[in-house]
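In what follows, chains carry the letters A, B, and so on, assigned in the order in which the sequence lines appear, proteins first and then strands, with residues in each chain numbered from 1.
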There are 2 protein chains.
Amino acid sequence: MWMEIDLQSEVPIYTQLVDQLIEGIASEQLKPGDPLPSVRSLAADLGINLHTVNKAYQILKQDGFLQVHRKQGVVVQPGGMPGVDAAFRAKLARGLRTLAAEAAVRGMSEAEFAAQSAAVYRQLTTKGEETK
Amino acid sequence: MWMEIDLQSEVPIYTQLVDQLIEGIASEQLKPGDPLPSVRSLAADLGINLHTVNKAYQILKQDGFLQVHRKQGVVVQPGGMPGVDAAFRAKLARGLRTLAAEAAVRGMSEAEFAAQSAAVYRQLTTKGEETK
DNA sequence: ACGTCTGTTATACTTATAATATAACAGATA
DNA sequence: TATCTGTTATATTATAAGTATAACAGACGT
C-alpha cells in the first residue's frame with residue numbers, strides 16, 4: 001500500500017488515515033469505485049490494529065466518501081461525492097481562520113496567503129499526473 | 001474578558017485559548033505591549049483551572065507571541081512579532097493540504113478555495129475597525 | 001515589615017480518548 | 001466446508017486533558 005503513518009506524530013493514526021485517503025481521492029490516485037484494502041490487511045501492512053483502520057473507514061463512510069458492499073469490501077464512493085454543505089463550510093472557515101490568523105500575525109499578506117492556498121490546492125490535485 | 005470557551009468542543013480548552021489570542025493579535029484587538037489578564041483571574045472568569053490558562057500562555061510565550069516581565073504579568077510581544085519561518089511554512093502547508101483535499105473532493109474549485117482563504121483572512125484582519 | 005499580587009513549579013487525581021488485544025458473529029465466496 | 005469480508009463486543013494499557021492543592025520567589029503598595 002502507498003500509505004505512510006507516523007507513529008510519533010501527535011495527530012491520531014486514524015486521523016492520518018482519513019486525511020491521506022481524502023488526499024488520495026483528491027489527487028485521483030483513488031477513483032470512484034476503486035477497492036480499498038480490507039481492514040485486516042491494511043492494519044497488517046501498517047503494523048497497527050484492525051480497529052484503528054476500521055475507525056477511519058467508519059468516518060469516511062459516515063461522510064459519504066466510502067461505501068461498503070458486504071461483498072467486495074470497502075470501495076471509493078462510485079455515485080458522486082458529497083458536495084459543499086453548510087457543515088463543511090463551517091469546518092473550512094474554522095480551519096482557515098486559525099491558519100490565517102497566525103499568518104497575518106507573522107506578517108504574511110492576504111495575497112500571499114491566498115496564493116499559498118491556491119498553490120497547495122493545485123499541487124494536490126495534480127499529483128497523479130506525469131505528462132503536461 | 002472578551003474570550004469565549006466552548007467546554008463541549010472536541011478541541012482542547014488551551015488550544016481554543018491559543019487560537020483566540022492569536023486571532024486577537026491579528027485583528028489588532030490586542031496590540032504589542034498590551035497587558036493580558038493573570039492566569040488566575042482569566043481562569044476564574046472562564047470558570048476553568050489556572051493551569052489550563054498557563055499552558056496556553058506558555059505555548060504563546062514559546063512561540064514568541066507573548067512576553068513575561070515578572071513585573072506586570074503577561075504582555076503581548078512589544079518588540080516585533082516572529083516572522084514566517086520554515087516551521088510555520090510547514091505547519092501552514094500541512095493544514096491547508098487537509099482542507100484543500102476535502103474541498104477538492106467536494107467539488108470546490110481552486111479559485112473558490114483561494115477566494116475563501118482571502119475572505120477569511122480579510123474578515124479577520126478588519127475585525128477591530130468600525131469606520132470605512 | 002507586612003500582605004498581596006505576579007508567574008512558576010510540583011504533586012496527585014480524575015476523566016476522556018487513542019490504541020491494542022482477543023473473541024465472536026453473519027454474510028459472501030470459492 | 002473453509003476462508004474471506006465488515007461488524008460488534010469486551011477488556012486492557014497508555015497518553016493527554018483538565019482539575020485540585022500547595023508551595024515558592026520576585027515585585028508591588030501600604
Side-chain angles (χ1 to χ4, degrees), chain A residues 1 3-22 30 33-79 98, chain B residues 1 3-21 30 33-79 91 98:
Chain A
M1 193 64 181
M3 307 197 66
E4 287 181 7
I5 293 301
D6 180 11
L7 297 176
Q8 314 305 326
S9 173
E10 74 291 348
V11 37
I13 300 178
Y14 75 90
T15 302
Q16 297 184 39
L17 292 176
V18 168
D19 290 345
Q20 290 196 29
L21 288 171
I22 293 181
L30 287 176
D34 279 359
L36 266 61
S38 75
V39 291
R40 287 178 176 84
S41 66
L42 181 53
D45 279 4
L46 298 175
I48 60 178
N49 191 272
L50 165 161
H51 294 100
T52 307
V53 176
N54 187 252
K55 186 170 183 177
Y57 280 2
Q58 284 298 323
I59 292 175
L60 292 168
K61 171 188 170 189
Q62 181 71 24
D63 287 356
F65 297 124
L66 298 184
Q67 245 187 23
V68 180
H69 276 101
R70 191 61 125 169
K71 172 182 178 178
Q72 192 61 19
V74 181
V75 167
V76 178
Q77 178 74 34
T98 303
Chain B
M1 191 66 182
M3 308 197 66
E4 288 182 8
I5 293 300
D6 180 11
L7 297 176
Q8 315 304 328
S9 173
E10 76 290 347
V11 38
I13 299 177
Y14 75 90
T15 302
Q16 297 183 40
L17 291 176
V18 168
D19 290 345
Q20 290 194 29
L21 287 171
L30 288 176
D34 280 359
L36 265 62
S38 74
V39 291
R40 287 178 176 83
S41 66
L42 181 53
D45 279 5
L46 299 176
I48 60 178
N49 191 272
L50 165 161
H51 295 101
T52 306
V53 176
N54 187 252
K55 185 170 184 177
Y57 280 2
Q58 285 298 323
I59 292 176
L60 291 168
K61 170 189 170 188
Q62 181 71 23
D63 286 355
F65 298 123
L66 298 184
Q67 243 186 26
V68 179
H69 276 101
R70 191 61 125 167
K71 173 182 178 178
Q72 192 61 20
V74 181
V75 167
V76 178
Q77 178 75 32
K91 176 183 175 184
T98 304

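- Between A/T52 and C/dT20 there is a side-chain N or O to OP1 or OP2 distance below 4.0 Å.
- Summarising the geometry, atom CD1 belonging to A/I22 is positioned 11.0 Å from atom CG belonging to A/L30; distances are rounded to the nearest 0.5 Å.
- Nucleotide D/dA20 holds its P atom 11 Å from the CD1 atom of B/I48, rounded to whole Å.
- Note that CZ of B/R40 and CG of B/L42 are 12.5 Å apart. Values are rounded to the nearest 0.5 Å.
- Between B/L42 atom CG and C/dT8 atom P the separation is 14 Å, expressed in whole Å.
- Annotation: of the two residues near DNA chain C, A/L50 and B/V39, the 5′-most nearest-nucleotide partner is B/V39.
- Of the candidates C/dG7, D/dA20, D/dA17, the closest approach to any side-chain atom of B/H51 belongs to D/dA20.
- Put simply, CG on A/D6 is 12 Å from P on C/dA19, counting in whole angstrom units.
- The side chain of B/K61 places an N or O atom within less than 4.0 Å of a non-bridging phosphate oxygen (OP1 or OP2) of C/dT8.
- Here B/Y14 does not reach the OP1 or OP2 of D/dG18: none of its side-chain N or O atoms lies under 4.0 Å away.
- Each of A/H69 and A/G47 was matched to the nucleotide of DNA chain C holding its nearest heavy atom; the match closer to the 5' end belongs to A/G47.
- Across the protein-nucleic acid pair, A/L66 atom CG and D/dG6 atom C1' stand 13 Å apart, rounded to whole Å.
- At the phosphate of D/dG6, neither OP1 nor OP2 sits under 4.0 Å from any side-chain N or O atom of A/Q58.
- Taking the side chain of A/V68 as heavy atoms from C-beta on, and the options D/dT7, C/dG7, C/dA18, the nearest nucleotide is D/dT7.
- Of the listed nucleotides (D/dA17, D/dT7, C/dG7), D/dA17 has the atom at the smallest distance from the side chain of B/P12.
- Atom CG in A/N49 sits roughly 10 Å away from atom P in C/dT22 (whole-Å rounding).
- Across the protein-nucleic acid pair, A/Q8 atom CD and C/dA18 atom P stand 18 Å apart, rounded to whole Å.
- Atom CD1 in B/I13 sits roughly 13 Å away from atom P in C/dA16 (whole-Å rounding).
- Atom OG1 of residue A/T15 and atom NZ of residue A/K55 lie 7.5 Å apart, to the nearest 0.5 angstrom.
- Interface remark: the A/R40 side chain does not form any donor-acceptor pair with the D/dT3 base, using a distance-only criterion of under 3.5 Å.
- Toward the 5′ end of DNA chain D lies the nearest nucleotide of A/G73, the other residue of the pair B/L7 and A/G73 mapping further downstream.
- Using a 4.5 Å cut-off on side-chain heavy atoms (C-beta onward), A/L46 and A/L17 make contact.
- The OH atom of B/Y57 sits 18 Å away from the C1' atom of C/dT9 (whole-angstrom rounding).
- Within the 4.5 Å cutoff, the side chain of B/V39 has heavy atoms near those of the B/Y57 side chain.
- Distances shown here put every side-chain N or O of B/N54 at or beyond 4.0 Å from the OP1 or OP2 atom of C/dG7.
- Considering only side-chain N and O atoms, A/K55 lies nowhere under 4.0 angstrom from the phosphate OP1 or OP2 of C/dA19.
- Residues B/N49 and B/I13 fail the side-chain proximity criterion, which asks for heavy atoms closer than 4.5 Å.
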